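Beneath this line is the structure, given in structure tokens, with notes to follow.
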Amino acid sequence: YYGACLPRYAERFSVLPGLTGLAQVRGLRGGVHDLRCMASRVEADAEYAASRSWLGDLHIITLTIPLLFRRVSEY
């Protein structure tokens with residue numbers, strides 16, 4: 001469904017999933033309620049895939065650490 005609606009959706013699969021990611025540190029996590037939610041995630045994932053590097057990964061990890069200590073329910 002999303003592949004037909006979002007042109008860049010397939011780019012998400014060019015990178016293996018991990019424990020965290022650009023979409024997650026930007027707060028784009030939890031349930032997908034509408035197409036805009038998924039479109040935002042796809043854009044973040046495509047941005048990561050286009051510019052991935054060790055330095056970028058280190059930056060994402062650095063942003064993830066404080067999020068581990070926040071009590072936020074995503075559902």
Side-chain angles (χ1 to χ4, degrees):
Y1 170 78
Y2 293 120
C5 297
L6 302 169
R8 299 183 77 185
Y9 186 75
E11 291 179 44
R12 299 183 88 202
F13 302 107
S14 65
V15 179
L16 293 174
L19 296 175
T20 188
L22 192 55
Q24 287 74 24
V25 297
R26 288 184 177 170
L28 305 171
R29 54 192 182 275
V32 177
H33 306 291
D34 57 31
L35 191 58
R36 286 179 294 139
C37 286
M38 183 55 79
S40 298
R41 293 178 190 197
V42 168
E43 287 304 314
D45 290 343
E47 180 184 331
Y48 173 79
S51 63
R52 60 186 165 194
S53 67
W54 287 105
L55 188 57
D57 289 345
L58 183 60
H59 180 69
I60 290 171
I61 292 168
T62 302
L63 293 174
T64 299
I65 292 170
L67 297 176
L68 297 173
F69 300 101
R70 293 174 68 198
R71 292 192 158 260
V72 178
S73 175
E74 298 302 332
Y75 294 96

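Quick caveat: nothing in here was measured; it's all calculated off a predicted structure. One is the number of the first residue; the rest follow in order along the sequence.
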Sequence neighbours left out, what passes side-chain contact (heavy atoms from CB on, under 4.5 Å) with [X]? Give chain and number order.
X   : value
A39 : L6
I65 : I61, F69
R52 : V15, Y48

Could you pull out the closest heavy-atom pair between [X] and [Y], with the gap in Å?
X   : Y   : value
C37 : V32 : CB-CG1, 4.1 Å
S14 : A49 : OG-CB, 3.5 Å
V25 : L67 : CA-CD1, 3.9 Å

L58 atom CG, over 12 foreign heavy atoms within 6.0 Å: yes
Neighbour count >12 (heavy atoms, 6.0 Å) for atom CG, L68: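 More than 12 within 6.0 Å, yes.
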Qualifying side chain to side chain donor-acceptor pair (under 3.5 Å) pairs with a residue from residues 34-46, counting only residues at least two apart or across chains: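 Side chain to side chain donor-acceptor pair (under 3.5 Å) check on residues 34-46 returns R8-E43, R12-D45, D34-R36.
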Transitive ILVMFWY side-chain link Y9 to Y1, under 4.5 Å: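 The answer is yes; both residues are in one hydrophobic cluster.
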Salt bridge (charged side-chain N to carboxylate O under 4.0 Å, His left out): pairs with one or both residues in residues 16-28, sequence neighbours excluded: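 Every salt bridge (charged side-chain N to carboxylate O under 4.0 Å, His left out) pair that includes a residue of residues 16-28, provided the two are not neighbours, is R26-E47.
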ILVMFWY cluster membership beyond W54 - transitive side-chain contacts under 4.5 angstrom: none
